[in-house]
Amino acid sequence: MAYWLMKSEPDVYGIDDLAAEPDGTEHWDGIRNYQVRNMFRDQFAVGDQAFFYHSNTKVPGIVGVMEVVSTAYPDHTAFDPKSGYYDPKSDPENPRWLMLDVRYVRHTERVITLAEMKADPALSEMPLVRRGNRLSVIPVSEAEWAHILELEKRHD
DNA sequence: GCCAACGTTGGC
DNA sequence: GCCAACGTTGGC
């Protein structure tokens, strides 16, 4: 089983939106980056766990946990000219972009902020805290996953 | 709102 | 196939 961190802007789609979905399940669409698409295609498996991360917000950080509940399949928003994610170079005969389904597991007890993860030597190898990283889906090692869950229990 | 970093596009 | 221009991401 693998672990992931998946970013979303709370103004667009946040952890509360996922929690409110029927069965807490929704597709993770709109990925338009080849590295992420390849991770979806080659590395994601049903049962994987993922952190829900709020980006582009006042206090960026991890706000929840979710579970991967499907393998990757074509992202239909790419076929829809009315969608903000429309990509004329993707068509149903030869889909360029993929999405998959995730299910809400829980909110974290508190926001585990980017600032504290950056300051933590145990997490210094995470692409999340590395300069210039722009991926919206990031692999997390088992050790990092466990460490972040420990961080969650710390309260100042 | 600014801007650094980086991916993509397209002319040549 | 190079690379400048452009667009996007996302922290601050």
Side-chain angles (χ1 to χ4, degrees), chain A residues 2-21 26-44 48-66 68 72-102 104-141 143-145 147-152 154-156:
Chain A
Y3 300 96
W4 307 95
L5 180 147
M6 300 168 78
K7 297 182 183 178
S8 185
E9 301 185 23
D11 290 346
V12 178
Y13 193 87
I15 184 75
D16 292 336
D17 297 306
L18 181 63
E21 300 287 355
E26 182 58 297
H27 44 257
W28 200 271
D29 61 18
I31 295 295
R32 297 292 179 269
N33 172 285
Y34 291 106
Q35 270 182 270
V36 175
R37 181 204 61 186
N38 294 347
M39 286 192 269
F40 272 13
R41 186 186 60 200
D42 304 331
Q43 294 177 252
F44 269 69
D48 286 358
Q49 302 278 113
F51 287 126
F52 196 122
Y53 176 95
H54 280 175
S55 67
N56 224 341
T57 188
K58 197 166 183 181
V59 183
I62 291 169
V63 294
V65 176
M66 52 192 172
V68 176
Y73 57 94
D75 183 343
H76 56 72
T77 64
F79 311 143
D80 178 5
K82 294 192 291 293
S83 168
Y85 296 125
Y86 177 58
D87 181 353
K89 287 179 236 165
S90 185
D91 68 82
E93 294 303 304
N94 187 19
R96 174 175 298 208
W97 303 114
L98 302 174
M99 61 187 184
L100 45 74
D101 296 346
V102 293
Y104 172 82
V105 173
R106 65 183 180 89
H107 282 63
T108 47
E109 292 169 33
R110 61 186 189 84
V111 178
I112 302 150
T113 67
L114 176 63
E116 68 182 298
M117 291 190 278
K118 276 187 166 173
D120 193 325
L123 301 177
S124 63
E125 295 300 312
M126 284 189 83
L128 178 70
V129 304
R130 306 220 62 142
R131 185 181 171 79
N133 169 67
R134 295 175 65 216
L135 292 179
S136 61
V137 172
I138 293 168
V140 176
S141 75
E144 289 160 351
W145 182 271
H147 188 83
I148 289 167
L149 292 181
E150 284 302 311
L151 272 187
E152 181 188 6
R154 271 185 223 164
H155 297 275
D156 295 328

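Chain A is the first sequence line, chain B the second, and so forth, proteins listed ahead of strands; every chain is numbered from 1.
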**Student:** Would A:Asp80 and A:Tyr85 count as a side chain to side chain donor-acceptor pair (under 3.5 Å) here? Give the steps.
**Tutor:** CA-CA 8 Å; A:Asp80 178 5; A:Tyr85 296 125; over 6 Å; no

**Student:** The side chain of A:Lys118 is closest to which nucleotide in this list: B:dG7, B:dT8, C:dC12?
**Tutor:**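 Among the listed nucleotides, the one closest to the side chain of A:Lys118 is C:dC12.
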
**Student:** Please state how far atom CD in A:Gln35 lies from atom C1' in B:dC6, giving the value in whole angstrom units.
**Tutor:**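 Between C1' of B:dC6 and CD of A:Gln35: 11 Å.
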
**Student:** Can a side chain N or O of A:Tyr53 be found less than 4.0 Å away from OP1 or OP2 on C:dG11?
**Tutor:**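 Yes, A:Tyr53 has a side-chain N/O under 4.0 Å of OP1/OP2 on C:dG11.
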
**Student:** Quick one: A:Trp97 CH2 to B:dT8 P, roughly how many Å, whole number?
**Tutor:**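 Rounded to whole Å, this separation is 7 Å.
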
**Student:** Please state how far atom CD1 in A:Ile62 lies from atom P in C:dG11, giving the value in whole angstrom units.
**Tutor:**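 Distance, rounded to whole Å: 12 Å.
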
**Student:** Calculate the interatomic distance between A:Ile31 atom CD1 and B:dG7 atom C1'; express it in whole Å.
**Tutor:**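 After rounding, the reported distance stands at 14 Å.
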
**Student:** What integer distance in Å separates A:Lys58:NZ from B:dG1:C1'?
**Tutor:**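 Rounded to whole Å, this separation is 15 Å.
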
**Student:** Of A:Ile148, A:Leu135, A:Ile62, A:Val137, which is the lone residue that meets side-chain contact (heavy atoms from CB on, under 4.5 Å) with A:Leu5?
**Tutor:**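 Option passing the side-chain contact (heavy atoms from CB on, under 4.5 Å) with A:Leu5: A:Ile62.
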
**Student:** Can you tell me the distance, in whole Å, between the CG atom of A:Asn33 and the P atom of C:dT9?
**Tutor:**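 After rounding, the gap between these two atoms is 10 Å.
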
**Student:** Could you tell me whether A:Lys89 contacts a base, only the sugar-phosphate backbone, or nothing, with contacts defined as non-hydrogen atoms closer than 4.0 Å?
**Tutor:**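 The answer is sugar-phosphate, as A:Lys89 gets under 4.0 Å only of primed atoms, P, OP1 or OP2.
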
**Student:** Look at A:Arg106 together with A:Glu152 and state whether they make a salt bridge at an N to O cut-off of under 4.0 Å.
**Tutor:**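 Yes, charged N to carboxylate O under 4.0 Å.
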
**Student:** With sugar-phosphate meaning primed atoms plus P, OP1 and OP2, does A:Leu128 contact a base, only sugar-phosphate, or nothing at under 4.0 Å between heavy atoms?
**Tutor:**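 If one applies the 4.0 Å heavy-atom cut-off, A:Leu128 turns out to touch nothing in the nucleic acid.
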
**Student:** Check whether any side-chain N or O of A:Lys7 sits under 4.0 Å from OP1 or OP2 of C:dT8, and answer yes or no.
**Tutor:**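 No.
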
**Student:** In whole Å, I'd like the distance from the CG atom of A:Asn133 to the C1' atom of C:dC12.
**Tutor:**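 In whole Å, C:dC12 C1' and A:Asn133 CG are 16 Å from each other.
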
**Student:** Over how many whole Å does the gap from A:Arg130 atom CZ to C:dG10 atom P extend?
**Tutor:**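 Taking CZ of A:Arg130 and P of C:dG10, I get 18 Å after rounding.
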
**Student:** Does A:Arg134 contact C:dT8 through a side-chain donor or acceptor facing the base, at a distance under 3.5 Å?
**Tutor:**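 Under the 3.5 Å cut-off, the side chain and the base do form a donor-acceptor pair.
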
**Student:** Check this for me: does any side-chain nitrogen of one of A:Arg96 and A:Asp75 sit under 4.0 Å from a carboxylate oxygen of the other?
**Tutor:**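 No, A:Arg96 and A:Asp75 are not salt-bridged.
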
**Student:** When you match A:Asn56 and A:Gly132 each to their closest nucleotide on DNA chain B, which lands nearer the 5' end?
**Tutor:**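 Comparing both residues, the 5'-ward one is A:Asn56.
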
**Student:** Could you please spell out the steps behind the salt bridge (Lys or Arg N to Asp or Glu O under 4.0 Å) verdict for A:Arg154 and A:Glu116?
**Tutor:** CA-CA 11 Å; A:Arg154 271 185 223 164; A:Glu116 68 182 298; over 6 Å; no

